Amino acid sequence: MGLPAIVNAEGKGLFRSIMRMHRTKLPQTMRSLGDAYVRKEFRLHYKPEVEGKHRTMFVGEWKKYVAMISSQEDVVGQELTSDQRGKLNDDQKKQLGELEKTAKSL
């Protein structure tokens, strides 16, 4: 099994875990928003040609997300730390603002 096959298998498994967790843990409005976001992120950032350290960071952050949501009785999310916000580029800050606006309008 070559690297792309391993990468693809790991990504598919993580993606499926997230989607399954959304089905069981999230209310419908949060689920539709969360599912769309996860699909977009995996489509944009989880590709075999992505640099190894970036893929590792991507997978690590999504695994933390799974652990956090799985441990919550009622899903309430988690605020970004100032350090996390500081690492966002302008496009990510804009996307986060749009996501927040959309979530509040639901």
Side-chain angles (χ1 to χ4, degrees):
M1 185 184 278
L3 180 61
I6 292 169
V7 167
N8 196 25
E10 179 186 33
K12 280 184 180 179
L14 180 58
F15 179 81
R16 287 179 180 154
S17 294
I18 294 167
M19 299 305 271
R20 191 176 315 112
M21 183 187 58
H22 281 187
R23 270 194 315 274
T24 60
K25 298 285 272 185
L26 298 181
Q28 184 56 40
T29 54
M30 287 178 73
R31 180 179 166 200
S32 61
L33 186 63
D35 287 355
Y37 182 75
V38 171
R39 282 187 189 98
K40 182 179 178 183
E41 286 294 298
F42 272 77
R43 202 174 296 121
L44 289 173
H45 303 293
Y46 198 86
K47 300 175 183 176
E49 63 270 10
V50 170
E51 194 173 323
K53 68 180 181 179
H54 293 137
R55 184 181 312 102
T56 300
M57 186 170 43
F58 180 84
V59 168
E61 291 302 315
W62 280 108
K63 285 181 178 180
K64 287 179 194 175
Y65 170 78
V66 169
M68 179 185 63
I69 299 297
S70 296
S71 70
Q72 294 178 356
E73 186 72 29
D74 294 322
V75 176
V76 293
Q78 178 180 334
E79 288 288 327
L80 291 176
T81 65
S82 58
D83 184 47
Q84 289 170 324
R85 284 189 180 270
K87 291 179 181 178
L88 298 176
N89 64 35
D90 290 338
D91 287 338
Q92 290 170 324
K93 289 176 184 174
K94 181 181 175 187
Q95 184 181 17
L96 184 61
E98 291 171 3
L99 180 63
E100 182 178 15
K101 190 169 92 174
T102 302
K104 287 181 179 180
S105 71
L106 295 176

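Source: prediction; values computed, not measured. Positions are given from 1, in the same order as the sequence printed here.
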Engineer: With sequence neighbours left out, write down each residue that passes side-chain contact (heavy atoms from CB on, under 4.5 Å) with Glu41, or none if nothing qualifies.
Structural biologist: Tyr37, His45, Phe58, Trp62, Gln95
Engineer: Is there side-chain contact between Arg39 and Met19, with at least one heavy-atom pair below 4.5 Å?
Structural biologist: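 Yes, close enough: below the 4.5 Å cut-off.
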Engineer: Please determine whether the number of non-hydrogen atoms from other residues, nucleotides or ligands lying under 6.0 Å from atom NZ of Lys93 exceeds 12.
Structural biologist: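 Counting other residues, nucleotides and ligands, NZ of Lys93 exceeds 12 neighbours.
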Engineer: According to salt bridge (Lys or Arg N to Asp or Glu O under 4.0 Å), does anything in residues 14-30 pair up with another residue at least two apart or in another chain? List the pairs.
Structural biologist: none
Engineer: Please examine the side chains of Leu33 and Leu26, heavy atoms only from C-beta on, and report whether any two atoms are closer than 4.5 Å.
Structural biologist: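 SC-SC contact between Leu26 and Leu33 ruled out.
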Engineer: For the atom pair CZ (Arg85) and CD (Gln92), what is the distance rounded to the nearest 0.5 Å?
Structural biologist: 12.0 Å
Engineer: Please report the closest heavy-atom contact between Ser70 and Val66, naming both atoms and the distance.
Structural biologist: OG-O, 2.7 Å
Engineer: Please name the pair of heavy atoms, one in His22 and one in Asp35, separated by the smallest distance, quoted to 0.1 Å.
Structural biologist: ND1-OD1, 2.7 Å
Engineer: How would you list, by chain and number, every residue that makes a ring pair (Phe, Tyr, Trp, His ring centres under 6.0 Å) with Phe15, sequence neighbours excluded?
Structural biologist: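 Applying ring pair (Phe, Tyr, Trp, His ring centres under 6.0 Å) to Phe15 gives Phe42.
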Engineer: Answer yes when Lys87 and Asp83 have at least one side-chain N-carboxylate O distance shorter than 4.0 Å, and no when they do not.
Structural biologist: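 Result for this pair is yes, salt bridge flagged.
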Engineer: With sequence neighbours excluded, tell me which residues meet side-chain hydrogen bond (donor to acceptor under 3.5 Å, both in side chains) with Ser82.
Structural biologist: none
Engineer: Between Glu98 and Lys101, is the closest basic N to carboxylate O distance under 4.0 Å?
Structural biologist: no
Engineer: Can any side-chain N or O of Gln72 pair as donor or acceptor with the backbone N or O of Ile69 at less than 3.5 Å?
Structural biologist: no
Engineer: Tell me whether Tyr65 shares a hydrophobic cluster with Met57, the cluster being built from Ile, Leu, Val, Met, Phe, Trp, Tyr side chains joined at under 4.5 Å.
Structural biologist: no
Engineer: Applying side-chain contact (heavy atoms from CB on, under 4.5 Å), can you list everything that pairs with Glu51, at least two apart in sequence or on another chain?
Structural biologist: Lys53, His54
Engineer: Checking Gln28 now: which residues fulfil side-chain contact (heavy atoms from CB on, under 4.5 Å) with it, not counting sequence neighbours?
Structural biologist: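 Result, side-chain contact (heavy atoms from CB on, under 4.5 Å) vs Gln28: Arg31, Ser32.
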Engineer: Considering residues, nucleotides and ligands other than Asn89, do more than 12 of their heavy atoms fall under 6.0 Å from its CG?
Structural biologist: yes
